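Notes to accompany the following structure.
Order of appearance sets the numbers: ligands from 1, and atoms from 1 within every ligand. Since the structure is predicted, the reported quantities are computational estimates derived from the model, not experimental observations.
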Amino acid sequence: MKVKTVFLDRDGVINVKAPEGDYIKSLKEFRFLPGAVDAIHLLNINNWRVIIITNQRGIARQLMTMHDLQTIHSFMEEELHKHNAHVDDIFICPHEKGTCHCRKPDIGLFLQAEKKIPVDKSKSWMIGDSKSDIEAGRNFGIYTIAVANPIAMADKRFPDLLSAVNFLINC
Ligand SMILES: [Mg+2]
Ligand SMILES: [Zn+2]
């Protein structure tokens with residue numbers, strides 16, 4: 001069975017993003033954005049599969065390790081669980097630009113998710129704050145929502161994740 005899925009970018013959607021050119025490299029740099037945990041909980045209770053797909057080039061640049069990233073994600077998941085929220089999966093591109101087929105706007109991370117559980121593309125959405133997120137969603141063939149930045153090519157635009165999710169659960 002194909003499953004309706006919401007793909008979330010991480011930095012700038014779930015947590016405060018690092019300054020341009022920098023990365024969230026350690027726990028002390030990770031801060032949830034207001035409403036993000038509630039938004040994920042709302043997706044969970046409305047039967048969406050929730051998947052994070054995130055470019056983390058800081059690993060290729062050796063500014064952080066995969067272990068650092070896993071520490072951050074363990075913390076993030078623990079905090080979500082405390083609020084009865086969860087993500088179903090997290091897919092990461094740790095590569096340098098132009099060296100792989102998974103870095104958004106390529107669709108390799110979506111294909112990894114699709115391999116585990118087929119995605120109902122007619123009911124699925126990509127939510128991101130960057131043009132590459134929106135391009136990636138379009139390349140995969142799902143609907144797109146831009147948050148924080150009003151990216152013109154997105155199907156919808158909202159100020160933050162919670163308002164985007166409130167739209168999704170009511171449409
Ligand atoms: Mg982002
Ligand atoms: Zn990659």
Side-chain angles (χ1 to χ4, degrees), residues 5-40 43 50-70 72-73 75-77 79-80 85 87-116 119 124-140 142-165 167-168:
T5 304
V6 172
F7 293 91
L8 300 175
D9 174 45
R10 198 196 76 184
D11 300 323
V13 174
I14 295 172
N15 58 279
V16 178
K17 69 173 177 188
E20 195 61 45
D22 197 3
Y23 304 88
I24 303 296
K25 304 178 293 299
S26 66
L27 263 191
K28 66 180 195 298
E29 296 173 315
F30 184 93
R31 270 190 298 135
F32 280 103
L33 282 162
V37 174
D38 292 336
I40 292 170
L43 289 171
V50 180
I51 292 182
I52 296 175
I53 56 173
T54 178
N55 290 349
Q56 294 295 334
R57 185 162 51 137
I59 293 171
R61 294 186 163 185
Q62 300 189 330
L63 298 168
M64 58 193 287
T65 64
M66 191 58 97
H67 181 261
D68 295 331
L69 188 64
Q70 279 158 358
I72 292 165
H73 287 172
F75 168 79
M76 176 181 74
E77 293 192 284
E79 290 300 306
L80 287 170
V87 292
D88 294 287
D89 235 321
I90 303 174
F91 296 100
I92 298 151
C93 169
H95 305 119
E96 187 48 91
K97 243 181 211 171
T99 65
C100 70
H101 296 289
C102 55
R103 184 178 166 81
K104 293 173 285 181
D106 271 338
I107 62 166
L109 299 180
F110 294 91
L111 297 179
Q112 288 178 36
E114 170 90 355
K115 211 185 230 177
K116 283 199 181 174
V119 175
S124 293
W125 295 77
M126 171 72 208
I127 304 180
D129 68 324
S130 300
K131 210 175 153 204
S132 61
D133 297 317
I134 304 308
E135 285 173 350
R138 287 170 62 109
N139 288 339
F140 184 56
I142 58 177
Y143 298 104
T144 56
I145 297 177
V147 294
N149 300 311
I151 299 163
M153 70 169 71
D155 294 303
K156 298 281 174 188
R157 285 156 290 278
F158 291 97
D160 56 27
L161 181 58
L162 187 54
S163 49
V165 166
F167 160 76
L168 282 187

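In this pair, Phe110 and Phe140 present their aromatic rings parallel. The plane angle is below 30°, not in the 30 to 60° band.
To the nearest 0.5 Å, atoms CZ (Phe7) and CD1 (Ile107) are separated by 10.0 Å. Note that the CD atom of Glu114 and the CG atom of Leu109 stand 13.0 Å from one another [nearest 0.5 Å]. Separation of atoms CD1 (Ile40) and CZ (Phe32) is listed at 6.5 Å; rounding is to 0.5 Å. The distance from atom CG of Asp68 to atom CD1 of Ile59, rounded to the nearest 0.5 Å, is 8.0 Å.
Scored by the side-chain hydrogen bond (donor to acceptor under 3.5 Å, both in side chains) test, Asp38 finds no partners at all (sequence neighbours excluded). For Lys97, the side-chain contact (heavy atoms from CB on, under 4.5 Å) criterion is met by Arg57, Arg103, not counting sequence neighbours.
The tally of protein N/O/S atoms under 2.8 Å from the Mg ion (ligand 1) stands at 3. Each protein N, O or S atom less than 2.8 Å from the Zn ion (ligand 2) was counted, giving 4.
Under 3.5 Å, the side chains of Gln56 and Asp11 contain a donor-acceptor pair of N or O atoms.
With Arg10 as the fixed residue, the side chain to side chain contact (heavy atoms under 4.5 Å, CB included) test singles out one of Ile53, Ile24, Ile92, Asp129: Ile24.
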